[in-house]
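Here the structure is laid out as structure tokens; the discussion comes afterwards.
A, B, ... follow the sequence lines: proteins, then strands. Residue 1 opens every chain. Everything numeric here is computed off the predicted structure, so don't read it as measured data.
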2 protein chains.
Amino acid sequence: MDSTKARILEAAGNVFAQKGFEAGTVREICQLADVNLAAVNYHFGDKRRLYLAAVSHAYSSRQEELAMAEWPPGTAPEDRLRGWVGAMMERLLGEDRQPWHMQLMMREVASPDVACEALVKEYIRPHFEYLAAILKELVPGEVSEERLALLVFSVVGQGLFYRFSQPIMRLLLGDKAYGTLNPQALAEHVTSMMLAALGVCPDVGSEEFVR
Amino acid sequence: MDSTKARILEAAGNVFAQKGFEAGTVREICQLADVNLAAVNYHFGDKRRLYLAAVSHAYSSRQEELAMAEWPPGTAPEDRLRGWVGAMMERLLGEDRQPWHMQLMMREVASPDVACEALVKEYIRPHFEYLAAILKELVPGEVSEERLALLVFSVVGQGLFYRFSQPIMRLLLGDKAYGTLNPQALAEHVTSMMLAALGVCPDVGSEEFVR
DNA sequence: AGTCGTTTCATACAATCGTCTGAAACTTCT
DNA sequence: AGAAGTTTCAGACGATTGTATGAAACGACT
């Protein structure tokens with residue numbers, strides 16, 4: 001039955017995303033997948049290759065995102081930026097997301113392993129270059145590659161922060177104020193920050209707080 | 001000899017920062033500290049309390065930062081922001097930093113534990129409120145607490161990203177281009193992004209890239 | 001010098017880890 | 001139906017983990 005392998009992969013993604021490679025045990029994964037202990041060894045060889053397969057599965061099952069939204073020709077780059085940031089925040093914080101895909105990928109980003117190179121090549125770089133193309137249109141005049149990269153990092157850095165530091169933000173703001181933050185509001189904040197910084201939009205300080 | 005306890009704490013910080021709580025072993029810590037295995041149990045009770053002590057030591061030994069720079073009265077908030085961001089980037093990426101303090105704290109931020117509350121209360125919140133006060137002066141007119149928090153997060157998020165995603169950036173940019181990034185240049189980028197977004201400075205796109 | 005509390009040591013223990021083995025169960029094809 | 005290949009199973013292996021133990025070494029004080 002092939003569903004065994006799939007169930008192991010799913011369970012491994014969950015466990016590794018939640019606890020990391022070392023802390024997650026093969027036994028726990030097999031129990032969650034309702035599969036015999038030896039199945040991991042049979043299907044994946046060993047624990048490390050199971051982990052790599054889980055990471056690989058995480059981003060390859062998300063590559064439909066890379067069929068980036070096709071905008072009607074002539075769509076303003078401001079709107080494309082807004083759409084891109086909104087999609088990112090939805091992926092990071094949205095309710096209906098596959099719960100562990102992003103978490104596992106971020107774990108690999110934080111402490112990179114062999115899987116990291118393929119992850120960058122097949123998932124991160126396409127997104128990176130797509131966003132860079134949008135930003136390039138927004139910057140008046142010429143812009144160096146390094147500078148363009150910094151602008152991309154400013155967008156992504158703000159977005160990832162809201163995911164990465166969720167528990168800290170909750171402690172800082174309190175549960176009530178934290179509850180008012182939602183993906184759309186945060187995306188609008190990041191977008192208008194960038195547009196204001198690039199001189200496209202009015203200043204951020206004078207804008208309304210979007211709920 | 002009291003140096004045993006100190007050496008254990010130092011070694012534990014290194015190991016835990018590098019490998020995390022589960023992957024770091026008591027034996028490795030004791031070997032690095034050149035201390036008998038049982039010393040951990042004697043001085044700290046068990047592994048978990050050693051970890052908490054290491055996290056606590058990390059931020060309490062960095063609390064001299066909280067004696068924030070005293071600016072001459074009348075210093076422009078732009079310059080105070082520049083100074084704050086520069087200090088943050090230096091702490092995150094500077095050469096002469098205690099290598100594991102920040103890494104261990106970020107680990108606790110990413111997957112928070114019991115130590116997290118104290119870390120927020122005694123280290124993160126003071127920094128948070130100090131930066132919030134600076135930004136409040138930069139925003140024209142009134143600003144809600146939630147909005148002010150978002151602005152703080154935009155600054156910190158960008159800064160942490162450069163630390164958190166170092167290996168990814170290296171893979172994305174290549175070693176050569178990555179090498180041109182230094183704490184001062186990144187701090188200047190973040191600062192000017194914020195100032196431009198808040199309408200204090202000219203647009204970011206038209207600025208020179210600071211090396 | 002001798003006593004007492006503190007600290008360090010070598011060693012052992014139970015538990016849990018990843019991995020392996022050989023047999024049973026199942027699929028597939030003739 | 002029956003043989004061949006594939007998948008699953010229970011159980012065991014050695015290695016490594018955190019922790020506990022009792023004796024030895026040390027330091028301070030009378």
Side-chain angles (χ1 to χ4, degrees), chain A residues 1-58 100 103-104 107-108 110-116, chain B residues 1-58 100 103-104 107-108 110-116:
Chain A
M1 194 81 74
D2 184 53
S3 81
T4 297
K5 193 171 179 178
R7 284 211 311 281
I8 292 177
L9 218 45
E10 180 71 20
N14 265 291
V15 171
F16 284 143
Q18 195 177 349
K19 304 192 170 185
F21 176 73
E22 315 273 353
T25 73
V26 175
R27 281 174 170 82
E28 180 184 2
I29 291 170
C30 289
Q31 190 172 353
L32 181 62
D34 196 34
V35 153
N36 185 271
L37 179 60
V40 163
N41 228 274
Y42 175 76
H43 285 283
F44 298 94
D46 56 10
K47 183 188 181 184
R48 164 150 246 93
R49 274 176 285 189
L50 170 61
Y51 176 78
L52 297 182
V55 173
S56 176
H57 174 64
W100 55 269
Q103 202 166 347
L104 188 59
R107 212 174 261 280
E108 189 65 15
S111 52
D113 207 327
V114 198
C116 200
Chain B
M1 196 79 74
D2 184 54
S3 83
T4 297
K5 193 170 180 178
R7 284 210 312 280
I8 293 178
L9 217 46
E10 182 70 20
N14 265 292
V15 171
F16 283 142
Q18 194 177 348
K19 306 193 168 184
F21 176 73
E22 315 273 352
T25 72
V26 176
R27 279 175 173 80
E28 180 184 1
I29 291 171
C30 288
Q31 190 172 353
L32 181 62
D34 196 37
V35 153
N36 186 271
L37 178 61
V40 163
N41 228 275
Y42 174 76
H43 284 284
F44 298 94
D46 57 9
K47 185 190 182 184
R48 164 150 246 93
R49 273 176 286 189
L50 169 62
Y51 175 79
L52 297 183
V55 174
S56 176
H57 174 65
W100 56 269
Q103 202 167 346
L104 189 59
R107 214 173 259 280
E108 189 64 18
S111 52
D113 206 330
V114 198
C116 199

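We find that CD of B:Gln31 is positioned 13 Å from P of D:dT16, with the value rounded to whole Å. A:Tyr42 places its OH atom 18 Å from the P atom of C:dA24, with the value rounded to the nearest Å. What separates CZ of B:Phe21 from P of D:dG18 is a distance of 8 Å, to the nearest Å. At whole-Å resolution of the value, CG in B:Leu37 and C1' in D:dG22 are 15 Å apart. In this structure, B:Leu50 places its CG atom 12 Å from C1' of D:dG18, rounding to the nearest Å. If you take CG of B:Asp34 and P of C:dT8, they are 12 Å apart, rounded to a whole angstrom. Atom P of nucleotide D:dC9 and atom CG of A:Asn36 are separated by 5 Å, given to the nearest angstrom. The interatomic distance linking A:Tyr51 (OH) with C:dT19 (C1') rounds to 20 Å, in whole Å.
With C:dT7, D:dT8, C:dT19 as the candidates, the nucleotide lying closest to the side chain of B:His43 is C:dT7. In this structure, of D:dA10, C:dT8, C:dA12, it is D:dA10 that holds the atom nearest to the side chain of A:Ala38. Listed candidates were D:dG18, C:dT19, D:dT7. Nearest to the side chain of A:Asp46 is C:dT19. You'll find that the side chain of A:Thr25 is closest to C:dC17, out of C:dA12, C:dC17, C:dT6. Minimum atom distance to the side chain of A:Arg27 is reached by C:dC17, of the listed C:dC9, C:dT6, C:dC17.
Scanning all heavy atoms of the two residues, the minimum distance from B:Leu9 to B:Leu50 falls at CD1-CD1, 4.2 Å. Closest approach of B:Trp100 to B:His57, counting heavy atoms only: CH2-CD2, 3.7 Å.
Put simply, A:Thr4 has no side-chain N or O that comes within less than 4.0 Å of OP1 or OP2 on D:dT7. For the pair B:Asn41 and D:dG18, the criterion of a side-chain N or O lying under 4.0 Å from OP1 or OP2 is not met.
B:Glu22 has no carboxylate O lying under 4.0 Å from a charged side-chain N of A:Lys19, or vice versa, which leaves the two without a salt bridge.
When the shell of 6.0 Å around CD of B:Gln18 is examined, it contains 12 or fewer heavy atoms from other residues, nucleotides or ligands.
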Exercise for the section: Evaluate the criterion side-chain contact (heavy atoms from CB on, under 4.5 Å) for residue pair A:Lys47 and A:Phe16; output intermediate values, then yes/no. Expected result: CA-CA 11 Å; A:Lys47 183 188 181 184; A:Phe16 284 143; 4.0 Å; yes
